[in-house]
Colleague: 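Structure in structure tokens, see below.
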Amino acid sequence: SVGTLIAFGLTRRPGGLFNFQERGLQPAPQALIALLAEASALIFLTAALVLDRLDRRVGSGPPVPPGRPVPALARIRHR
């Protein structure tokens, strides 16, 4: 998303990106839709990353190494 937004901005500058240049939000409405979709993706991905980092920091106990079974929380009575 970041790369797409950077390229989007570069194509609107004088000289463009590899001599490819666009003006404003043309072609309309595709350019605006793409801009909003990429900005939304960036916001949601950043929020997911921040929430994941906060969850790991707060944590719910020690991390379980990969390949190890996670103990069940409920006890099962044997007959």
Colleague: Roughly how far, to the nearest 0.5 Å, is the CG atom of Leu49 from the CG atom of Asp52?
Modeller: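 Output value for this atom pair is 7.0 Å.
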Colleague: Nearest 0.5 Å please: distance from the CD atom of Glu38 over to the OG1 atom of Thr4.
Modeller: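 So the gap between those two atoms works out to 4.0 Å.
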Colleague: Hey, any chance Leu10 and Leu35 share a hydrophobic cluster, counting ILVMFWY side chains that come within less than 4.5 Å of each other, even indirectly?
Modeller: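 They do share one cluster, since a chain of ILVMFWY contacts under 4.5 Å joins Leu10 to Leu35.
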Colleague: Applying the 4.5 Å side-chain criterion to the ILVMFWY set and letting contacts propagate, would Leu32 and Leu5 be lumped into a single cluster?
Modeller: yes
Colleague: Say you draw a straight line from OG1 of Thr11 to CD1 of Ile6; how long is it, rounded to the nearest 0.5 Å?
Modeller: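 It comes to 12.0 Å.
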Colleague: Are Ile43 and Val2 connected in a single hydrophobic cluster, I mean Ile/Leu/Val/Met/Phe/Trp/Tyr linked by side-chain heavy atoms less than 4.5 Å apart?
Modeller: no
Colleague: How far apart are the closest heavy atoms of Ser1 and Leu45, and which atoms are they?
Modeller: OG-CD1, 4.3 Å
Colleague: Kindly list each side-chain donor-acceptor pair under 3.5 angstrom involving residues 18-29, sequence neighbours excluded, with atom names and distances?
Modeller:
| from | atom 1 | to | atom 2 | distance (Å) |
| --- | --- | --- | --- | --- |
| Gln21 | NE2 | Arg13 | O | 3.4 |
| Glu22 | OE1 | Arg12 | NH1 | 2.6 |
| Glu22 | OE1 | Arg12 | NH2 | 3.3 |

